[in-house]
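Input: a single structure, listed below in structure tokens.
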Amino acid sequence: MMFLEKLFNWLLVIGLVLMVGRLITLVFMFLDIPFTTFFKDYSIVSIIVLIIGLIGSQAMKEKKS
């Protein structure tokens with residue numbers, strides 16, 4: 001169980017970092033400043049990672065209670 005909890009927490013952190021990267025990319029695109037397209041190219045993957053991390057972390061919290 002401890003491994004799954006750590007895995008879901010890491011997925012949540014990675015998903016949040018990718019979400020922040022997408023927001024920064026959006027701001028730079030809006031301002032017409034050249035910036036990497038890494039976060040734009042992998043937006044679907046980052047959303048999936050974030051959702052899995054959120055659901056898994058929430059499920060682990062509820063199991064502990």
Side-chain angles (χ1 to χ4, degrees):
M1 265 331 208
M2 192 67 157
F3 172 74
L4 282 177
E5 185 177 349
K6 287 184 180 183
L7 177 69
F8 288 133
N9 286 340
W10 274 107
L11 286 175
L12 180 63
V13 169
I14 292 168
L16 289 173
V17 167
L18 291 173
M19 183 181 67
V20 168
R22 283 195 323 264
L23 291 173
I24 292 170
T25 302
L26 179 68
V27 168
F28 282 142
M29 284 177 54
F30 180 71
L31 297 173
D32 289 330
I33 299 173
F35 193 67
T36 181
T37 60
F38 174 79
F39 297 106
K40 182 180 172 188
D41 296 339
Y42 295 103
S43 63
I44 304 269
V45 174
S46 62
I47 290 171
I48 291 170
V49 168
L50 180 61
I51 290 172
I52 291 172
L54 281 172
I55 291 171
S57 294
Q58 188 64 31
M60 290 295 146
K61 283 182 186 176
E62 289 177 2
K63 269 196 170 178
K64 279 187 174 181
S65 300

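Keep in mind the model is a prediction, meaning the values are calculated, not measured. For the single chain, residues carry numbers from 1 onward in sequence order.
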Quick one: list whatever passes side-chain contact (heavy atoms from CB on, under 4.5 Å) with Ile48, sequence neighbours left out.
Ile44, Ile52

Would a single hydrophobic cluster contain both Phe30 and Phe28, if residues Ile, Leu, Val, Met, Phe, Trp and Tyr are joined by side-chain heavy-atom contacts under 4.5 Å?
yes

By side-chain contact (heavy atoms from CB on, under 4.5 Å), Ile14 pairs with (sequence neighbours left out) Leu18, Val49

Report yes if some heavy atom in the side chain of Leu4 is under 4.5 Å from a heavy atom in the side chain of Phe8; otherwise report no.
yes

Do Ile47 and Arg22 have side-chain heavy atoms sitting under 4.5 Å apart?
yes

Nearest 0.5 angstrom please: Lys61 NZ to Glu5 CD, how far?
9.5 Å

hydrophobic_cluster_shared for Ile24 and Ile33, side chain cutoff 4.5 Å
yes

Identify which one of Leu16, Val45, Val13 satisfies the side-chain contact (heavy atoms from CB on, under 4.5 Å) criterion when paired with Leu50.
Leu16

Of the non-hydrogen atoms in Leu12 and Ser57, which two are nearest, and what is the gap between them?
CD2-OG, 4.0 Å

